Amino acid sequence: MDGITVKHDQLTADDFIMLWGSVWGGAPTKEQVGLALKHSLFCVSLHDGQRTVAMARMIGDMGLCCYIKDVIVHPDYQGKGLGRLLITELLSFVKAHGINGTDVFVELAAVPDKMPFYEKLGFDTNSAQRMKMSYHIDRYGE
Ligand SMILES: CC(C)(COP(=O)(O)OP(=O)(O)OC[C@H]1O[C@@H](n2cnc3c(N)ncnc32)[C@H](O)[C@@H]1OP(=O)(O)O)[C@@H](O)C(=O)NCCC(=O)NCCS
């Protein structure tokens, strides 16, 4: 899409929360997002003029495993190739910073209706099931 600017590691917590809210509603707190961005390996954001319109980030260890998180294109901008651009930018980061000649697992969890999007970009599924818990932190509780 013409006129889109790509930025690396410049996403603000406010824009993260805005984009999250545009597709999923209630967002994490600014403090949580700030910590998450600080500890991400890499974050890409796309901008239409002053407006932040898409984001994705990568967490991981760079040597063996990278994990894609929070791939979001604002609804006003979906279907124009920006999702593809986000993933291309993340993979370019791995190519630039991983160890040459080795394989790195690039993983993500996709909801079923988004799997075709990732398959178009070269991802496939395996038999492993994603296991998770929402772990509540209460350092001062009983
Ligand atoms: C999923 C998402 C990131 C895709 O971004 P997008 O900018 O709309 O996608 P693109 O325009 O770059 O599409 C790239 C290709 O994937 C296809 N595609 C995109 N979404 C698709 C879907 N849900 N099902 C099937 N194909 C899809 C497009 O048709 C396009 O195919 P083409 O290259 O053959 O024309 C976007 O819809 C989004 O942000 N959704 C809400 C948040 C979300 O669910 N994120 C993913 C969490 S797993």
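Keep in mind the model is a prediction, meaning the values are calculated, not measured.
Nearest heavy atoms, L86 versus I72: CD1-O, 3.9 Å. Counting all heavy atoms, side chain and backbone alike, V73 lies closest to G83 at CG2-N, 3.7 Å. In terms of heavy-atom proximity, G34 sits nearest to A13 at N-CB, 4.3 Å.
Taken together through direct or relayed side-chain contacts under 4.5 Å among Ile, Leu, Val, Met, Phe, Trp and Tyr, L64 and Y67 form parts of separate hydrophobic clusters. With hydrophobic clusters built from ILVMFWY side chains whose heavy atoms lie under 4.5 angstrom apart, L19 does not share a cluster with M1. Cluster membership check: I68 does not share its hydrophobic cluster with L37, using side-chain heavy-atom separations under 4.5 Å among Ile, Leu, Val, Met, Phe, Trp and Tyr.
By the 6.0 Å contact criterion, CG on D2 is open, its count of non-hydrogen atoms from other residues, nucleotides or ligands being 12 or less.
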* To do: Could you walk me through whether H39 and L35 pass side chain to side chain contact (heavy atoms under 4.5 Å, CB included), step by step?
  => CA-CA 6 Å; H39 290 283; L35 194 60; 3.7 Å; yes

* **Criterion side chain to side chain contact (heavy atoms under 4.5 Å, CB included) on V71 and Y118, from CA distance to verdict** => CA-CA 11 Å; V71 179; Y118 291 107; 3.6 Å; yes

* To do: Assess whether side chain to side chain contact (heavy atoms under 4.5 Å, CB included) is satisfied between V6 and V44, documenting all intermediate values.
  => CA-CA 7 Å; V6 179; V44 58; 3.8 Å; yes

* Apply side chain to side chain donor-acceptor pair (under 3.5 Å) to the pair H136 and S134, showing each step before the final yes or no. => CA-CA 6 Å; H136 181 69; S134 178; over 6 Å; no

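Applying the salt bridge (charged side-chain N to carboxylate O under 4.0 Å, His left out) rule to pairs touching residues 10-36 yields D14-K30, sequence neighbours excluded.
Atom CG of L46 is separated from atom CZ of R51 by 12.5 Å, given to the nearest 0.5 angstrom. To the nearest 0.5 Å, atom CD1 of residue I87 and atom NZ of residue K120 are 14.5 Å apart. Distance check: L85 CG to K80 NZ gives 14.0 Å after rounding to the nearest 0.5 Å. Distance CZ/F16 to OG1/T52: 13.0 Å, rounded to 0.5 Å. Here the CG atom belonging to D61 is positioned 6.5 Å from the SG atom belonging to C66, to the nearest 0.5 angstrom. With values rounded to the nearest 0.5 angstrom, I17 atom CD1 is found 12.5 Å from S22 atom OG.
Side chain of D138 to backbone of G141: a donor-acceptor contact under 3.5 angstrom is found. The closest donor-acceptor contact from the side chain of H47 to the backbone of G49 lies at 3.5 Å or more, if one exists at all. Judged by distance alone, the side chain of Q32 and the main-chain N or O of T29 form a donor-acceptor pair under 3.5 Å. Remark: the backbone N or O of C43 is paired with a side-chain donor or acceptor of D9 at under 3.5 angstrom. Panel note: side chain W20, backbone G26; a donor-acceptor pair is recorded below 3.5 Å.
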Would you mind writing out the side-chain donor-acceptor pairs for residues 104-116 within the sub-3.5 Å range, not counting sequence neighbours?
none

Return a table of donor-acceptor pairs under 3.5 angstrom between the side chains of residues 89-98 and protein atoms on other chains or two or more places apart.
from, atom 1, to, atom 2, distance (Å)
E89, OE1, H8, NE2, 2.7
S92, OG, T88, O, 2.9

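The shortest side-chain heavy-atom distance between L121 and R84 falls under the 4.5 Å cut-off. For the pair L41/I59, no side-chain contact is recorded, criterion being any heavy-atom separation below 4.5 Å from C-beta on.
Put simply, the residue from M58, M55, R57 that forms a side chain to side chain contact (heavy atoms under 4.5 Å, CB included) with K69 is R57.
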